[in-house]
Undergrad: 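What follows is a single structure, and I will ask about it in a moment.
For the numbers below, each heavy atom of this structure counts, side chains included, while hydrogens, waters and symmetry mates do not. These numbers come from a predicted model, not from an experiment.
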Amino acid sequence: MEFAELIKTAKVENVQLSCSGLPPIKGTLCITSHHLLLSSQPGGNGEQGTVELWLLIRNVDAVEKSVQNLSWYQTSRTNSSHQDTRVASSLGTITLKCKDLKVLQLEIPGMEECLNIASSTEALSSVDSVMMMYPFFYRPQSMKLKDGWQLYPLQYFYEQIASETGAWRLSCANGDFTICSSYPPAVIVPATVDDNILKKAARFRQGGRFPVLSYYHKKNRTVMLRSSQPLIGPNRKRCQEDEVLLSAALDGGGRGFIIDTRSAQAAKQARMMGGGTEPTSSYPRWKRLHRPLERGRPLQESFIKLVEACNDTSLSMDRWLSKLESSKWLAHVKGALSTACLAAQCMEREEACVLVHGAEGTDTTLLVTALAQVILDPDCRTLAGFQGLLEREWIEAGHPFHFRCAHSAYSHARLKQEAPIFLLFLDCVWQLGRQFPFSLQFSERLLLVLFEHTYASCYGTFLCNSEKERRLCKVKEKTHSLWAWLNQPSERKKHLNPLYTYNALVIWPSVEPQSLQLWQGLFLRWIRSSQYLEEAWAEIQRLVTSCEDAPEGSAGCTLCHSQPDAAYPLTSAGTANEG
């Protein structure tokens, strides 16, 4: 396929762009294989020079168009008479609704040009071939292709665990992806379990996702595992190798909790379809807990309803609050945080091991294991540690980003496999940052950047559904890493939290209704100005910098003498709440 075949009109003059928060801009619109470019006319819009606005076409979620026919009479004069001539024209309007929730409006003179631009944009934004996407064409001069891809290897994570205990080993049995197509080539498993046991246990788990180590809790020497559901089926099949694997994870003693992210009824129905959950008779040292979390269509529809409510500025306060509640988005946030806290509590307070799974083990499972680590581990709350967590628990662990982030909240396409699971995770992390403003080294800006790049990016980090697909597409050889860009000194500084103070404590969030808030920085980002908030953060950054530069022994800045976050956030009543 050639991109030129999809572009019906490449250039249109006198196009006006309107966007909330920006003055209208009039200029020349050009459409390329990956971008819409509006170049303003010199001297127009109050600017001395030319202004260029670029939009990555992959960011377009929906295209809406309308054409208005215009007519007027033009008077021409001759020596002896006046003649009125009827002039007809048309003006087309294209509304571009983007995956990052921005809404743009283009006014294009001429019906044919309008329809052609709309058609071309729809076609280019729907290109599904990974290797035709912009990251494979993006070549910034300041970066090298190899930069950033090896920043957070699993080997380094394993060596940290190996320095604490010899109970675990790094297995490369999945090096050719034949055991599990959605797992990375290397995984961490009990040292007493050989690769043959892993292969047989994989056949007993959906998609081959046998239990692997997700997190080692140094304080209590407990572990968190993740997997997919066992294939028990209606005949209650057993797998001795799977039982041996989970028994070995308990290291000869202790007990464990299995947190199933489905309801007991859903798990029972899955057993009739060939799936199921671990029976106590076969796994006597493991106690099963059901904590249902929505995924798939219900979560996507919740996202759509929330965005609709946020965009409707005509609603009264009562009506808006009603629509916000009916979207159930904050209920999903509460459920995710509560389940992650349960997993963390089992490890921290019960001193027990944890296995987390749902059905496939690629969505709500990763949501819980990743959140639990942010709650438990201060290293995961640093900028580098958080990036490593995303690489390990989301990207390499096989979250299908290509499927889940194919569309955002505006698309008119029929829902297939879209679901904002990763966005829900980012929202939960934002809630943690709001309740513990000193404990996260990174700022809200980083979370917003991650949201944008999962849906449309010039980097290859979030491409494809698994490591196997990324290797087949040669993503790491032919695209740039997002981490390489984020870790450039100039960019890194923008994403740091100036209030950060290292906090070694576990941070237990409150999930009470008064403690969870709408993430306005994301969902109202393009609806109301964030100018004053940005100015406030810039002033905080200036104060912190001046304090750091102050002579030793001086009073410094009051921000730097603030108390770090306690283990528990304070509720509105002023009492500690364990969440």
Undergrad: Can you name the side chain to side chain contact (heavy atoms under 4.5 Å, CB included) partners of S228, sequence neighbours left out?
TA: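 Only R205, Q206, R209 meet the side chain to side chain contact (heavy atoms under 4.5 Å, CB included) criterion with S228.
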
Undergrad: With F422, which residues qualify under ring-ring contact (aromatic ring centres under 6.0 Å, His included), at least two apart?
TA: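 Only W394, F401, F425, F462 meet the ring-ring contact (aromatic ring centres under 6.0 Å, His included) criterion with F422.
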
Undergrad: What residues form a ring-ring contact (aromatic ring centres under 6.0 Å, His included) with F136, not counting sequence neighbours?
TA: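 By the ring-ring contact (aromatic ring centres under 6.0 Å, His included) rule, F136 matches no residue at all.
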
Undergrad: Hey, is NZ on K328 packed in by over 12 heavy atoms from elsewhere, all under 6.0 Å?
TA: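 For K328, atom NZ is not crowded (no more than 12 foreign heavy atoms under 6.0 Å).
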
Undergrad: Given side chain to side chain donor-acceptor pair (under 3.5 Å), test H412 with E64 step by step and report yes or no.
TA: CA-CA 10 Å; H412 304 305; E64 299 174 358; 3.1 Å; yes

Undergrad: Of all residues at least two apart in sequence or in a different chain, which pass the salt bridge (Lys or Arg N to Asp or Glu O under 4.0 Å) check with D260?
TA: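 With neighbours one apart ignored, the set is R262.
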
Undergrad: Check side-chain hydrogen bond (donor to acceptor under 3.5 Å, both in side chains) between K268 and all other residues, then give those that pass, not counting sequence neighbours.
TA: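 Result, side-chain hydrogen bond (donor to acceptor under 3.5 Å, both in side chains) vs K268: none returned.
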
Undergrad: Test of understanding: with ring-ring contact (aromatic ring centres under 6.0 Å, His included), list the residues that count as partners of W54, not counting sequence neighbours.
TA: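 Testing W54 for ring-ring contact (aromatic ring centres under 6.0 Å, His included), a comparison that skips the adjacent residues, returns H35.
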
Undergrad: For residues 102-123, which residue pairs pass the salt bridge (charged side-chain N to carboxylate O under 4.0 Å, His left out) check, not counting sequence neighbours?
TA: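 Passing the test, one end in residues 102-123: D100-K102.
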
Undergrad: Keeping the roles fixed (side chain from K323, backbone from C310), state whether a donor-acceptor pair exists under 3.5 Å.
TA: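 Not at all, since once roles are kept as given, no pair shorter than 3.5 Å links the two residues.
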
Undergrad: If you look only at pairs with a residue in residues 298-321, which of them pass as a salt bridge (charged side-chain N to carboxylate O under 4.0 Å, His left out), with sequence neighbours excluded?
TA: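 Sorted pair list: R297-E301.
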
Undergrad: Can you list everything that forms a side chain to side chain contact (heavy atoms under 4.5 Å, CB included) with L448? Sequence neighbours excluded, please.
TA: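 In terms of side chain to side chain contact (heavy atoms under 4.5 Å, CB included), with neighbours along the sequence ignored, L448 is linked to E444, W519, L522, R525.
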
Undergrad: With sequence neighbours left out, write down each residue that passes salt bridge (Lys or Arg N to Asp or Glu O under 4.0 Å) with R492, or none if nothing qualifies.
TA: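 For R492 there are no salt bridge (Lys or Arg N to Asp or Glu O under 4.0 Å) partners, ignoring immediate neighbours.
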
Undergrad: Can you say whether the rings of F137 and H34 are parallel (under 30°), tilted (30 to 60°) or perpendicular (over 60°)?
TA: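 Plane angle between 30° and 60°, so tilted.
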
Undergrad: Would you indicate whether M131, at its atom CE, is surrounded by more than 12 heavy atoms from other residues, nucleotides or ligands within a distance under 6.0 Å?
TA: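 Atom CE in M131 is crowded, with more than 12 foreign heavy atoms closer than 6.0 Å.
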
Undergrad: Test your reading of the model: is there a side-chain donor-acceptor pair from D61 to the backbone of S408, 3.5 Å cut-off?
TA: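 Yes; judged by distance alone, with no hydrogens or angles, the pair exists.
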
Undergrad: Just jot down the side chain to side chain contact (heavy atoms under 4.5 Å, CB included) partners of P135, sequence neighbours excluded, or say none.
TA: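 Residues passing side chain to side chain contact (heavy atoms under 4.5 Å, CB included) with P135: M133, L463, T479.
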
Undergrad: Hey, could you give me each pair passing salt bridge (charged side-chain N to carboxylate O under 4.0 Å, His left out) that has a residue in residues 375-402? Not counting sequence neighbours.
TA: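 Listed once each, the pairs are R226-E393.
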
